[in-house]
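No experiment lies behind these values; they were computed from the predicted model shown. Each ligand, and each atom within it, is numbered from 1 in the order the structure gives. Throughout, numbering of the chain's residues begins at 1 and tracks the sequence.
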Amino acid sequence: MSIQDTTVDYARKLDEQDPLQAFRDRFHLPEQADGSSYIYLCGNSLGLQPKDTAAALTQELEDWKNLGVEGHFHAKNPWMPYHEFLSEAMARVVGAKPEEVVVMNTLSVNLHLMMVSFFRPEGKRNKILIEFDAFPSDRYAVESQLKYHGLDPQECLLELKARPGEELIREEDIEQLLRERGEEIALILLGNTNYYTGQYFDMPTITRLGHAKGCTVGFDCAHGAGNVPLELHASGCDFAVWCNYKYLNSGPGSLGGVFVNERHADNPDLPRFAGWWGHDKATRFGMRDPFKPIPGAEGWQLSNPPILSLAAIWASLKIFDEAGMDRLRKKAIKLTAYLESLVQQLGEDTVKIITPSDPERRGSQLSIQVRNADRSLFDRLTAKGVIADWREPDVIRVAPVPLYNSFEDAWRFYRALEEVLTSK
Ligand SMILES: *Cc1c(COP(=O)(O)O)cnc(C)c1O
């Protein structure tokens, strides 16, 4: 999309035409001292609070207050099967079958649990492939798993790097690496949407190439869930993990999500760390039976889950069901392209967007490199009411989220950035 019209009127016109416009009002937008809302473009870090969340939490607090332990069976939404209430809506968001997903633990914990089952080094096939600029927690998790298996990360951690002078990883380079070293790789673990560049990888192709070489393939979808159409089941990948507090608006530190492909649902050969909540529901309270995992993703659960967090996630998932991932994606593409075209008005010698320009290869994020910038530029942007994210040395990450960001937000950000740049 090329936009010549940089007026606020045009932004407002786009908002009027936006079929999802009403959803903005379903969220609490943080306010500045003068009562106006911040330009919140940080939904890739912490999504905003839906107005429905408080009532959902209060329901559980009331049931606990009035019923005590009986709430496990007699709460309005009984706590015993509570996590099951989320499975269908969660499956719709990530494109999976309900049996393939479960909400449990938090992201880094789930990554470890999945690697217990799906990173099984054997002989020369003992390496893990990740992105060079993987999120630090993922790198720590992977390195520690290698060490846990007595392997040296120096030797067994393979990293996908962009070519010198480039920011994005070329898919042909992934292909070549797999052709050359695929037989050494036990596990391919990529962020499906890279947190830094916003690059959205072609999951079906990577999965197909990896499987052809005998590798297990998993994705960290922290920046993909609720953002891009993941279609996890169709992608064929073996497992995926994500968090629910970024694009999925479920509150700080909320529980994460796990996908286990149905081909592994009942596989007795997979090692796993077990706990009572993953055990056969019929005999869970028998307390004496040997561990018999529930088929599917639920069988990886360890503990009875924190209901308050599940309640917040459920409240948010209902909004996703109302809006629908298809409509959200449509708006996301338009809104991101609009913001991109505005930022490009600032000129190539001032800004460079490192996120892919192809809408199929990105979600609702732009990583904007500002030439000769330092942190003070970002601080001045913050002083103008922009909440975004700064990555050293010179990148501003902004996430125009289709559920609650408007075209006018995008315009206000552009105007603020322009003012900060020209007042230097
Ligand atoms: C946000 C994020 C995390 C955070 O992990 P937690 O365990 O939820 O604290 C990890 N990895 C990636 C890729 C992320 O984007």
Query raised in the report: Is the H223 ring parallel, tilted or perpendicular to the Y195 ring (thresholds 30°, 60°)?
Result: tilted
Query - Name of the residue among V217, L160, I174 meeting side chain to side chain contact (heavy atoms under 4.5 Å, CB included) with I188 - result: V217
Query raised in the report: Do the rings of Y148 and F273 sit parallel, tilted or perpendicular, given the 30° and 60° boundaries?
Result: perpendicular
Query - W390 six-ring face occupied by R397 cation (under 6.0 Å, within 45°) - result: no
Report summary line: atom 6 (P) of ligand 1 sits nearest the protein heavy atom Y245 OH, 3.4 Å
Report task. Could you list the atoms of ligand 1 found under 4.0 angstrom from a heavy atom of H223? Result -> 15 (O)
Query raised in the report: Got the closest protein heavy atom to atom 11 (N) of ligand 1, with its distance?
Result: D138 OD1, 2.6 Å
Query - Side-chain donor/acceptor of Q301 to backbone N/O of E298, under 3.5 Å - result: yes
Query - atom 12 (C) of ligand 1: nearest protein contact (heavy atom, Å) - result: F135 CG, 3.3 Å
Requested in this report: Answer yes or no: are there more than 12 heavy-atom neighbours, outside E172 itself, under 6.0 Å from its atom CD?
Outcome: yes
Query raised in the report: Against heavy atoms of D220, which atoms of ligand 1 measure under 4.0 Å?
Result: 11 (N), 12 (C), 13 (C)
**Report entry** N or O contact, S108 vs ligand 1, cut-off under 3.5 Å
**Finding:** yes
Query raised in the report: For atom 15 (O) of ligand 1, which protein heavy atom lies nearest, and how many Å away is it?
Result: K246 NZ, 2.5 Å
